[in-house]
Amino acid sequence: MVTEGPWLDGLTSAQRAAVVHPAAPLLVLAGPGSGKTRVITRRIAHLVAQGAAPWSILALTFTNKAAGEMKERVHSLLGAELAGARGLQVSTFHSFCATLLRRYGSSPAAAASDGTPLAPGFSIFDTDDARDAAKRAIAAAGFDSKNWPAAIVLSRISDAKNKLLDAAAYAAEAGDFTSRSLAKIYRAYEAELAKCNAVDFDDLLLRVARLVRQDASVREELQQRYRHVLIDEYQDTNHAQFVIAGAIAQSHGSLTVVGDPDQSIYAWRGADITNILDFEQHFPGAGVIPLGQNFRSTAHIVAVADGLIRHNTRRKHKDLTTELEAGAMPQVIRALDERHEARVVVDEMVRQHEAGVPWKGMAALYRMNALSRVIEDELRRRSIPYVVVRGTAFYERREIKDALAYLRTLANPSDEVALRRIINVPTRGIGATTIARADALAAAHGLGFEAALAATDGLTARARKAIDGFLANVAQWRADLMQGAPHEVDDEDLPQMLGGMLGGYVARVLTESGFEAAAGEGSADAEEAAERRANVAELVTAASEFRMPAQEPGAPRPQLVDVLRAFLERVALVADSDAFDPEAGAVTLMSLHAAKGLEFPFVAVIACEEGILPHSRVQADPAQLEEERRLLFVGITRAERQLMLSSAAMRTLRGIREATMESQFIEELPADRVARRDLAGGSRGGSIDPDAPSWEPDPDERQGWKAGMRVRHRQFGMGQIEAVLRQGSVTTLRVAFRTVGVKSLVAEYARLEIVG
DNA sequence: GTCGCGCCTTCGAGC
DNA sequence: AAGGCGCGAC
């Protein structure tokens with residue numbers, strides 16, 4: 001047993017107390033910048049040093065990124081000395097649950113609520129797939145999609161699932177007409193999922209919660225295996241996650257949770273803040289260690305954050321302190337409009353850069369992803385490197401979803417949502433009529449969609465031929481999945497070998513199906529077509545770079561089908577923040593939600609305006625308003641040395657230009673801790689003429705048109721500037737468009753987008 | 001059966 | 001501003 005080591009170096013007494021706390025329930029209330037990640041990783045290292053087997057430790061994080069970093073840190077802490085941390089399991093709740101469902105899916109407790117068992121290779125539906133399934137469920141339950149929008153239905157079902165109410169339990173509680181109707185739709189939705197051998201995101205948690213509650217042998221196996229459970233960002237766990245963690249930790253009680261109620265920002269997707277607030281009631285005798293000292297931000301920033309969060313009434317107050325110097329005053333900026341705001345923010349970034357802060361040390365944060373656009377434009381115009389952190393954006397693209405639907409059809413033959421998506425992509429002459437016929441046949445004979453397609457008669461010869469050809473291909477591709485790596489490949493080289501096989505396989509399917517060749521079709525222009533093809537190529541690359549996670553000891557060697565399923569699972573569970581690369585050497589742009597857990601020397605929170613932050617949809621509800629305030633608190637506390645909070649007196653949003661009001665949260669900041677700069681002339685909105693050119697755009701921006709530039713017009717599409725004619729203050733451009741020929745446009749009004 | 005246009009709605013954060 | 005849906009033309 002080792003009682004001293006590098007994992008105890010340089011800790012404060014509170015941090016140390018948390019690290020060495022006995023293997024018993026422990027709540028670490030960790031304020032922003034208080035060394036939370038440090039405490040978890042070092043506690044893991046300490047547990048291992050105390051003799052715990054690495055594979056007996058389960059650490060659950062919020063994102064894959066955080067999981068990867070945590071694993072790495074533990075590795076380097078223990079290093080050679082303790083033979084590393086092999087077998088240590090660090091993952092997100094969702095991927096941990098997916099893994100359990102692959103392993104224990106045959107347990108009746110993991111089955112769908114109608115009893116349909118989960119087969120290996122089940123699909124994980126994303127929000128889009130779930131919406132498709134919900135639409136079909138609404139129709140199947142006999143309701144009109146006009147009165148029952150899929151998105152609303154889904155959010156109600158999601159709420160139910162997060163509270164561990166399955167369709168039957170929901171129906172039992174349903175009293176009024178709306179609830180009873182929803183209960184029917186919920187049941188039909190579950191039937192759709194079951195038919196597809198699919199789960200949605202909430203199911204991953206719900207089914208595992210049911211599994212650990214109802215299946216004693218699984219529960220005991222997990223309790224035996226995971227002797228120590230640690231959970232990061234505990235303030236954002238929901239009830240299902242609470243049940244899962246509690247069940248696993250129940251026998252030994254070694255449960256460490258770390259979080260900050262003031263940073264709880266996911267109530268809207270089911271996070272239950274009482275998990276953390278009532279931890280001591282849930283686990284009597286639990287240790288509680290507050291970490292209030294902030295090592296991240298200079299004193300003014302901490303004071304501003306503290307001053308803001310004090311306005312939340314439903315909270316346990318803890319003092320935020322720092323021993324760092326006062327530092328720069330946080331700046332509160334009121335700009336004229338969103339482009340002006342972007343200019344001011346980027347000006348500050350340039351100033352910071354000149355003062356030695358690298359681009360990667362800066363971030364612009366916002367409440368809504370749509371707000372990234374102006375900042376992007378400004379950074380691009382000034383040739384400053386930036387990345388928009390939105391990991392799921394790539395997977396939301398149509399061509400990528402289609403390509404993945406091919407793979408899902410192959411990995412999970414029941415996945416009808418996927419099959420429907422690609423049955424006629426590229427167009428093969430299998431249209432709505434054919435599909436309606438197949439549906440009718442399926443309903444009449446209780447067939448699956450694929451079987452019904454094969455069996456439908458009375459089709460045109462062309463449709464018949466198209467279906468037969470396609471299904472023959474599918475059968476061949478599925479057969480091709482039943483192969484492993486050559487036996488002579490040793491374990492060391494296996495992951496890379498399998499990745500290569502997967503890449504080759506994906507490329508082959510997408511080529512042979514004709515998908516790749518047609519990937520650019522239907523694009524508005526050649527540019528977009530090229531982009532789509534590049535994205536598909538990128539997906540093939542991602543597949544070949546995929547590394548199969550380590551298998552359980554004694555497990556059979558994975559076949560290609562297992563690799564494909566693991567890949568699809570990984571892809572389904574990417575988080576937006578997974579795309580964050582601290583070494584990218586670029587300014588970071590991301591949502592306030594995605595910024596949780598990160599830190600930057602310079603942070604700008606843009607669009608601090610009523611209706612945006614707080615968001616317009618929440619203002620009536622005090623609990624939701626407090627969550628909005630916490631969101632700004634999270635943003636502020638990402639800043640290490642420089643903070644800018646900006647708003648614009650005028651903003652164009654969703655195509656409407658409107659006067660704005662500064663966020664009520666700005667007024668709540670301690671006035672002596674912020675430096676205000678009102679660049680909008682004291683305007684509080686409303687009094688400005690929206691059309692008045694209120695600030696001077698950069699000369700190079702106004703006169704930036706040059707012959708030869710490639711531009712895009714909303715209506716005319718792609719074109720190239722032939723000539724720039726200046727007539728007084730008016731600039732006229734002669735533009736040769738690909739489709740409509742040469743046009744003369746007034747530069748100021750044409751709203752041309754420069755594309756290169 | 002397919003394609004393209006225009007009207008209409010929507011419109012937040014995300015595993 | 002942008003995506004979904006329905007209609008008409010080919």
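Order of the sequence lines sets the chain letters (A, B, ...), proteins ahead of strands, with each chain counted from 1. The shown structure was predicted, so the numbers you read here are calculated from the model rather than taken from an experiment.
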Just checking [X]: base, sugar-phosphate only, or nothing, at a heavy-atom cut-off of under 4.0 Å?
X: T460(A); result: nothing
X: T652(A); result: nothing
X: I430(A); result: sugar-phosphate
X: K596(A); result: nothing

Below 4.0 Å: OP1/OP2 of [N] and any side-chain N or O of [X]:
X: N424(A); N: dT2(B); answer: yes
X: S616(A); N: dC11(B); answer: no
X: R654(A); N: dG12(B); answer: yes
X: R570(A); N: dC15(B); answer: no
X: N369(A); N: dA13(B); answer: yes

Return the nearest nucleotide to the side chain of [X]; candidates are [options].
X: R617(A); options: dC11(B), dA2(C), dC15(B); value: dC11(B)
X: V618(A); options: dC15(B), dG12(B), dG14(B); value: dG12(B)
X: R373(A); options: dC5(C), dA2(C), dC15(B); value: dA2(C)

Is [X] salt-bridged to [Y], cutoff N-O under 4.0 Å?
X: K161(A); Y: D200(A); answer: yes
X: R380(A); Y: D377(A); answer: yes
X: K596(A); Y: D236(A); answer: yes
X: R390(A); Y: E396(A); answer: yes

Atom pair distance, as rounded to whole Å: [atom1] in [X] and [atom2] in [N]:
X: D128(A); N: dG3(C); atom1: CG; atom2: P; value: 12 Å
X: H593(A); N: dA13(B); atom1: NE2; atom2: C1'; value: 4 Å
X: E396(A); N: dG3(C); atom1: CD; atom2: C1'; value: 13 Å
X: I152(A); N: dC11(B); atom1: CD1; atom2: P; value: 8 Å
X: R390(A); N: dA13(B); atom1: CZ; atom2: P; value: 7 Å
X: L206(A); N: dC15(B); atom1: CG; atom2: P; value: 20 Å
X: I656(A); N: dA1(C); atom1: CD1; atom2: P; value: 10 Å
X: D129(A); N: dC15(B); atom1: CG; atom2: P; value: 15 Å

Original post:
Closest nucleotide of DNA chain B for R367(A) versus for G429(A): which of these residues is on the 5' side?
Top reply: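 First, find each residue's nearest nucleotide; the 5'-ward one identifies G429(A).
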
Original post:
Mapping D578(A) and M368(A) to their closest nucleotides on DNA chain B, which lands nearer the 5' end?
Top reply: M368(A)

Original post:
Is H615(A) stacked on the base of dA13(B), meaning ring centres closer than 5.5 Å and planes within 30 degrees of each other?
Top reply: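 Aromatic stack with dA13(B) absent for H615(A).
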
Original post:
Taking the six-membered ring for Trp, does Y266(A) stack with dG14(B) (centroid gap under 5.5 Å, planes within less than 30°)?
Top reply: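 Check failed, Y266(A) does not stack on base of dG14(B).
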
Original post:
Hey, what's the ring geometry for F143(A) with W148(A), parallel, tilted or perpendicular (30° and 60° as the breaks)?
Top reply: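 Perpendicular: the ring planes of F143(A) and W148(A) meet at over 60°.
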
Subject >> Base dG12(B) paired with E628(A) side chain (donor-acceptor, <3.5 Å) >> reply: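 Answer is yes: a donor-acceptor pair is held.
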
**OP:** Say whether N197(A) and N412(A), considering side chains only, have a donor N or O and an acceptor N or O under 3.5 Å apart.
**Re:**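 Yes, because at least one side-chain N or O of N197(A) sits under 3.5 Å from a partner of the opposite role on N412(A).
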
**OP:** Write down the distance separating the C1' atoms in dG4(C) and dA13(B), rounded off to the nearest Å.
**Re:**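 Their C1' atoms lie roughly 22 Å apart.
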
